[in-house]
Amino acid sequence: MEIALDIRLAMYDGMVRARYFEKRAYDLFMQGLVKGTTHLGLGQEAVAAGFAVAMQPDDMSYCTYRGHNHTLLRGAPMNALMGELMGRSNGICEAKGGSMHLTDVSKGAMGSYAIVGAHLPVAAGAAWAAQLRGTDQVSVCFFGDGTTNIGAFHESLNMAAVWDLPVVFVCENNLYMEYTAISDVIAVEHPAADRASAYGLEGIVVDGNDADAVYEVAVAAYQRARAGEGPSLIEALTYRHKGHSRADPGKYRPDEEVEEWLKRDPIDIYRERLLSLGVEPAKLDEIEAKAAAEVDAATEASKNAPPPDPAVLLTDVWADGGSSWRN
Amino acid sequence: MAELSYRDAVARGLAQEMERDERVVLIGEDVAKAGGVFKTTVGLYEQFGPTRVRDTPISEEAITGMIMGAAMNGLIPVGELMFSDFLATCWDIVANQIAKTRYMTGGQVELPLVIRTANGGGSRFGGQHAQSLENWAMAVPGLKVVAPATPADVIGLMAAAIRDPDPVIVFEHKALFATKGEVPDGEIVDTLGTARVLREGDDVTIVALAAMVHTALDAAKILGGLGISAEVIDLRSLVPLDTQTILNSVAKTTRLATVEENPRLVGWGAEISSLVAEEAFWDLDGPIVRVTTPHIPLPAAGELEDLAIPSVERVVDAISAMSG
Ligand SMILES: Cc1ncc(C[n+]2csc(CCOP(=O)(O)OP(=O)(O)O)c2C)c(N)n1
Ligand SMILES: [Mg+2]
């Protein structure tokens, strides 16, 4: 498949913006300005970029607590995402969600879910509504390798397959759950792909550090979904550069393994490819400079934003905007 | 006006709403071709077809998760959980996802969905198919909870639940499926969060829910013969809670008893008792009494289950003791 240059540049732009955003999130966490927790997708940006750039604006994506990159790349404003991480009033969820729950429904970023596996049936349900209403939308669901062992994974895959739902399940296999290797806890090699046949699906494995390869499987899966041919299950092989969350140094991973994967940084790989395709270095420098400036601006805006208005504590439990339980 | 069973009222309520709004759909185990294991959805598959009434695999997380996703994308889905006990298998989706998503997203997500489920004892099913779990749902911010006691309320509250923009759990009581009641003709739409005074009285307020409403009414009749005039309130809705009707009644009767099918600890009556103790303490002329199932799993044998679930006799005894 020949991928158009504007698509390629959009993927590079997305990966760089996600990378810079998350590096800043890490720094701010270490400075105590981002509290609670963060789960960074550093190193996994090509998965987010390939799938997001191939989506239509009204497609719906569902991701996990490791979802900064997915939410950003659907078009959620960086300021409001940074504000949410920092718990400020400019946060995209009014500072009530936090790092693990970034959501921008207006961009089709239908939420970040922090209970492993919970969002798989939700994504399938959104796809079911798309099918019933004939909207041509695709629902895309990102999750980790560890998620393939929870019941909701199997319930959702089966139901989506039986109902031919336009949903694309994307397993980001970064080889680890929290601190335990996935290979320690499964009886097959590929946590997602090797289970696909149980649902009558093809087991698709893709290099998750190659944005072009990801983009190609995404396009094919979306086409299949829109054609009414049902769900896809794609396993993208990738690696997280940092620990599972917060300041986890990730010491449970062999040094050589980490080094090997750092050499296969998806952004470095893609920069090289774009240069070899004749893109001017200045063009890429410009993308990087713009992303850096955007992150700086988002950080400043969020540092300067007031803390959340205490009034929001009691809003938005119910559709009437309030939280009253009594009449 | 016509007589209708509680069981048939479920199907009538659903049909009324499905006819009105094509976004309303129903999924669950055995709900379509078989008409439900309790025969509460008979005829809906034939009337509305296979895309709007659909059988699912035995996948409670998928049922509840999928109605959540569908509600996020333009449908008004109703999901059936065959027994409320099975809520435990999908409590993550119900309590962590469905209940909290609006709040955690700063109001971005609306979830106009309904979970219907068969609740309650009296059928000799034993500890995993007979629980009264409405208090579990009541304890989670973000869930609305109703439990109708009569066929007319089944229709009206089902309609209100389906029309409500928030997630609502409708607890249908298994022991009431075969009961009958007069139901008005035409469309019936009720209001969530409204209790109803079913019997007026002066000496004591009895607050009850679902099957216990009938127990309370029978007890009130007997108490009348003993010279105690009991007012019976059918709570109907736990969230929102119609506190005004309770407080008004206690102001008049000066005494409160709750009749609850849930096990004792943190049953809904504890919340009602605390409300009255906090806000109507000076109206009270005596201690509040809670009649509940003991804090035990429900036993299977009829003799034991009947001892466990509050009976008319226990209610009469408890209330005559408090008034004596
Ligand atoms: C149901 C549930 N169990 C455990 C956890 C704690 N937990 C959070 S992330 C995680 C690891 C998930 O691994 P994986 O699916 O591979 O995703 P990754 O973090 O690698 O992106 C665990 C065990 C949880 N959030 N939810
Ligand atoms: Mg993992």
Side-chain angles (χ1 to χ4, degrees), chain A residues 60 62 84 91-98 100-106 110-111 113-115 117-133 135 137 139 150-152 154-160 162-163 165 167 312 315-321 323-327, chain B residues 23 25 27 51-52 54 56-75 77 89-90 92-93 96-112 138 141-142 144 164-166 191-195 237-245 275:
Chain A
M60 300 162 289
Y62 289 83
E84 190 66 28
I92 191 125
C93 301
E94 296 182 337
K96 298 201 282 201
M100 295 200 282
H101 298 290
L102 300 181
T103 303
D104 187 350
V105 169
S106 73
M110 306 304 285
Y113 296 75
I115 309 289
H119 61 309
L120 277 76
V122 183
W128 169 45
Q131 180 190 61
L132 267 191
R133 294 169 54 227
T135 62
Q137 294 161 291
S139 176
I150 203 157
H154 302 277
E155 292 194 9
S156 306
L157 262 294
N158 181 58
M159 198 106 145
V162 172
W163 289 15
L165 299 179
V167 55
V312 307
T315 62
D316 287 327
V317 171
W318 308 121
D320 68 7
S323 57
S324 175
W325 48 269
R326 65 189 290 182
N327 287 339
Chain B
R23 294 172 302 170
V25 292
I27 63 170
T51 54
R52 292 183 66 196
R54 201 149 187 194
T56 67
I58 307 163
S59 299
E60 279 74 13
E61 281 184 283
I63 293 167
T64 49
M66 284 188 50
I67 62 173
M68 172 173 170
M72 289 171 102
N73 193 23
L75 295 184
T89 68
C90 54
D92 168 49
I93 305 286
N96 284 328
Q97 314 303 334
I98 288 172
K100 295 180 174 58
T101 292
R102 174 186 286 277
Y103 186 82
M104 293 202 313
T105 60
Q108 292 184 60
V109 174
E110 183 143 297
L111 294 176
M138 186 190 194
K144 293 181 176 172
D164 196 86
D166 292 312
T191 311
L192 303 182
T194 53
S237 171
L238 293 180
V239 185
L241 186 65
D242 180 357
T243 59
Q244 216 44 59
T245 296
L275 170 89

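The sequence lines fix the lettering, A, B, ..., with proteins before strands; numbering per chain opens at 1.
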Sort [X] into side chain, backbone, both or neither according to what part of it lies under 4.5 angstrom from a heavy atom of chain A.
{"X": "B/Asn96", "answer": "side chain"}
{"X": "B/Leu111", "answer": "neither"}
{"X": "B/Ile98", "answer": "neither"}

| said: Heavy-atom pairs under 4.5 Å with chain B - which of A/Arg326, A/His101, A/Glu94 has more of them than the others? | reply: A/Arg326

| query | Based on non-hydrogen pairs under 4.5 Å, which of A/Tyr113, A/Tyr62, A/Trp128, A/Trp163 is most in contact with chain B? | reply | A/Trp163

Output the option from [options] having the highest count of non-hydrogen pairs under 4.5 Å with chain A.
{"options": "B/Pro141, B/Gly142, B/Pro112, B/Pro165", "answer": "B/Gly142"}
{"options": "B/Thr89, B/Thr243, B/Leu75", "answer": "B/Thr243"}
{"options": "B/Met72, B/Gln244, B/Arg23", "answer": "B/Met72"}

Nearest heavy-atom pair of [X] and [Y]: which atoms, and what distance?
{"X": "B/Asn73", "Y": "A/Ala126", "answer": "ND2-O, 3.0 Å"}
{"X": "A/Val317", "Y": "B/Tyr103", "answer": "CG2-CD1, 3.7 Å"}
{"X": "A/Ala118", "Y": "B/Gln97", "answer": "CB-NE2, 3.2 Å"}
{"X": "B/Gln108", "Y": "A/Thr103", "answer": "NE2-O, 3.0 Å"}
{"X": "A/Glu155", "Y": "B/Glu61", "answer": "OE1-N, 2.9 Å"}
{"X": "A/Ala319", "Y": "B/Glu110", "answer": "CB-OE1, 3.7 Å"}

| Do the non-hydrogen side-chain atoms of B/Pro57 and A/Met159 ever get within less than 4.5 Å of each other? |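 Yes; the side chains approach each other to less than 4.5 Å.
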
| said: Is any side-chain heavy atom of A/Val105 closer than 4.5 Å to one of B/Thr105? | reply: no

Where does [X] contact chain B at under 4.5 Å (heavy atoms): side chain, backbone, both or neither?
{"X": "A/Ser324", "value": "neither"}
{"X": "A/Ala130", "value": "both"}
{"X": "A/Gln137", "value": "side chain"}
{"X": "A/Leu102", "value": "neither"}
{"X": "A/Asn158", "value": "side chain"}

| task | Measure the NZ-NZ distance between A/Lys96 and B/Lys100 for me, rounded to the nearest 0.5 Å. | result | 14.0 Å

| remark: CG of A/Asn327 to OG1 of B/Thr245, rounded to nearest 0.5 Å, is 9.0 Å

| task | Apply side-chain contact (heavy atoms from CB on, under 4.5 Å) to the pair A/Trp318 and B/Lys144, showing each step before the final yes or no. | result | CA-CA 9 Å; A/Trp318 308 121; B/Lys144 293 181 176 172; 3.6 Å; yes

